2 protein chains.
Amino acid sequence: MKSELTIGDVARESGVKVPTIRYYEQIGLLPEPPRTDGNRRFYDQKGLRRLAFIRHARELGFEVSAIRTLLALQDDPAQPCATADAIAKARLVEVEQRIASLMALKAELEVMVEECRHGRLAECRVIEVLADHGKCMHDHH
Amino acid sequence: MKSELTIGDVARESGVKVPTIRYYEQIGLLPEPPRTDGNRRFYDQKGLRRLAFIRHARELGFEVSAIRTLLALQDDPAQPCATADAIAKARLVEVEQRIASLMALKAELEVMVEECRHGRLAECRVIEVLADHGKCMHDHH
DNA sequence: CTACATCCTCTAGCGACTAGAGGAGCAAGA
DNA sequence: TCTTGCTCCTCTAGTCGCTAGAGGATGTAG
């Protein structure tokens, strides 16, 4: 396990692209790492773990501002986890809503695609349904 | 049914905000409408329908470039609808993938929230799971 | 006639990156 | 040693789909 990781190394190991890592540093999500004589950033395992944390949270759809809060909580573990819990719960509600609306949407797209019998556009359901919301089966949006 | 609609009228009737309508015009999604003597845009039922089409398509998650294509097809109904069909199908695939990943994510968030027993952050699952992707039950992302 | 709502244009900002220019550093092979 | 080619650096600007605000003109109701 190398102890001096280049930005490319942490990019590979974390799955976050190099410019994105620099961007995270710029917006203060990652601390400025030390540099080599040749002015190159280098990271240790702690830096890598922090980046992995950020990546995972982004994958879960947490916004950068929420991640900022989570990171602050992580840095100060004397606090009760109610805040972290609240953030996760809020995100869970969002996800559930998004799933529900995507399911309705999926049904609508399926109807559209199903009914398009490769005829002429004049009777194409895709265009028709898009043109007239009233033709939707679902009143979700 | 009024035949001369102001931008505010079409905004109300279509549910698209006024600045957004002007934005759509700017990017060429809507044609430049005629103006009154006082330099105000006015629309007819056709303009309103086109806007409703765009709104519905955006709600279904179609990108502006896809809508551009759909509108072009709509304007020239002599074409086969295979293209419109393909666009809708591609969007359907995207939606299905997004649903699958959100479901996995929901499960993960539920585990996090469930296991957080309002203790101290030191053993908070929210932080812990985010910090270590290996603790996830699902290998979806 | 006076408020006040609505309209106009224009520029700039949002989030979360991504792309590209232009240059320096570094490691490996000929 | 030289050169090739990869990675790194900083910086600015672009992406998408809007949204906000400034500063001013026009239209309408009381």
Side-chain angles (χ1 to χ4, degrees), chain A residues 2 4-30 32-43 47-48 50-51 53-71 87 90-91 94 98 101 141, chain B residues 2 4-30 32-43 47-48 50-71 87 90-91 94 98 141:
Chain A
K2 266 190 293 186
E4 295 223 344
L5 303 157
T6 68
I7 197 169
D9 294 333
V10 289
R12 256 184 307 283
E13 292 196 38
S14 69
V16 179
K17 287 179 198 152
V18 170
T20 306
I21 297 172
R22 288 196 279 248
Y23 167 73
Y24 286 159
E25 182 183 325
Q26 192 188 302
I27 62 168
L29 215 50
L30 285 174
E32 290 184 23
R35 304 283 184 125
T36 65
D37 288 352
N39 196 34
R40 301 182 164 204
R41 290 166 179 85
F42 66 91
Y43 300 84
L48 179 54
R50 194 176 180 98
L51 190 52
F53 181 100
I54 294 170
R55 196 208 165 181
H56 195 191
R58 285 294 300 132
E59 273 171 350
L60 292 177
F62 289 93
E63 290 176 7
V64 165
S65 64
I67 297 176
R68 225 182 275 275
T69 307
L70 290 171
L71 282 169
I87 292 172
R91 179 69 197 140
E94 275 171 37
R98 188 88 187 110
S101 101
H141 51 252
Chain B
K2 267 189 295 187
E4 294 224 343
L5 303 157
T6 68
I7 196 168
D9 294 334
V10 288
R12 254 184 307 282
E13 293 197 36
S14 68
V16 178
K17 288 181 198 151
V18 170
T20 306
I21 296 172
R22 289 197 278 248
Y23 167 73
Y24 286 159
E25 182 183 326
Q26 192 187 303
I27 62 168
L29 215 50
L30 286 174
E32 290 183 24
R35 304 283 183 125
T36 64
D37 288 352
N39 195 35
R40 299 179 166 207
R41 291 167 179 84
F42 66 92
Y43 300 84
L48 179 53
R50 195 176 179 96
L51 190 52
F53 181 99
I54 294 170
R55 198 211 163 178
H56 195 190
R58 285 294 299 135
E59 273 171 349
L60 290 177
F62 289 93
E63 291 176 7
V64 166
S65 63
I67 297 175
R68 225 182 275 275
T69 307
L70 290 170
L71 283 168
I87 291 172
R91 177 69 196 138
E94 275 170 37
R98 189 89 186 111
H141 51 249

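Computed from a predicted structure; not experimentally measured. Reminder, nothing fancy here: chain letters follow the sequence lines and each chain counts from 1. All values below were derived from every heavy atom in this structure, side-chain atoms included, with hydrogens, water molecules and symmetry-related copies excluded.
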Roughly how many Å is it from CG in A:Asn39 to P in D:dT7, rounded to a whole number? 19 Å
A:Gln26 has an atom CD; how far is it from atom P of D:dT10, in whole Å? 10 Å
Quick note, A:Arg41 side chain, CB onward, closest among D:dC18, D:dC9, C:dC17 is D:dC9
Side chains of A:Arg68 and A:Val64 in contact at under 4.5 Å (non-hydrogen atoms): yes
With the side chain of A:Val64 defined as its heavy atoms from C-beta on, choose the nearest nucleotide among C:dA16, C:dT6, D:dC9. C:dA16
Ignoring hydrogens, what is the shortest heavy-atom contact between A:Leu29 and A:Leu71? Give both atom names and the distance. O-CD1, 3.8 Å
Using a 4.0 Å heavy-atom cut-off, does B:Ile7 contact any base of the nucleic acid, only the sugar-phosphate backbone, or nothing at all? sugar-phosphate
Verify the contact: side-chain N or O of B:Tyr24 to OP1 or OP2 of D:dC18, cut-off strictly under 4.0 Å; return yes or no. yes
With salt bridge (Lys or Arg N to Asp or Glu O under 4.0 Å) as the criterion, how do A:Arg22 and A:Glu25 come out once you've worked through the C-alpha distance, each side chain's angles and the decisive distance to 0.1 Å? CA-CA 5 Å; A:Arg22 288 196 279 248; A:Glu25 182 183 325; over 6 Å; no
Closest to the 5' end of DNA chain C, once A:Thr36 and A:Thr20 are matched to their nearest nucleotides, is A:Thr20
d(CZ, A:Arg40; C1', C:dA27) in whole Å: 10 Å
Between C:dC17 atom P and A:Ile67 atom CD1, what is the distance in whole Å? 8 Å
For B:Pro33 and B:Phe42 the tightest heavy-atom approach is CB-O, 3.5 Å
By nearest-nucleotide position on DNA chain C, the 5'-leaning member of B:Gly8 and A:Lys17 is B:Gly8
If you look at every strand shown and take non-hydrogen atoms under 4.0 Å, does B:Arg35 touch a base, only sugar-phosphate, or nothing? sugar-phosphate
Take atom OH of A:Tyr23 and atom P of D:dG14, then tell me their distance rounded to the nearest Å. 18 Å
Take atom CD of B:Glu4 and atom C1' of D:dT28, then tell me their distance rounded to the nearest Å. 17 Å
Nucleotide D:dC18, atom C1' - distance to CD of B:Glu63 in whole Å: 14 Å
Regarding B:Phe42, tell me which of base, sugar-phosphate or nothing describes its non-hydrogen contacts under 4.0 Å with the strands shown. nothing
Measure CD1/A:Ile27 against C1'/C:dC14 and give the value in whole Å, please. 13 Å
Tell me if the CD atom of A:Glu94 is crowded by more than 12 foreign heavy atoms within 6.0 Å. yes
Assign A:Arg22 to base, sugar-phosphate, or nothing according to its heavy-atom contacts below 4.0 angstrom with the strands shown. base
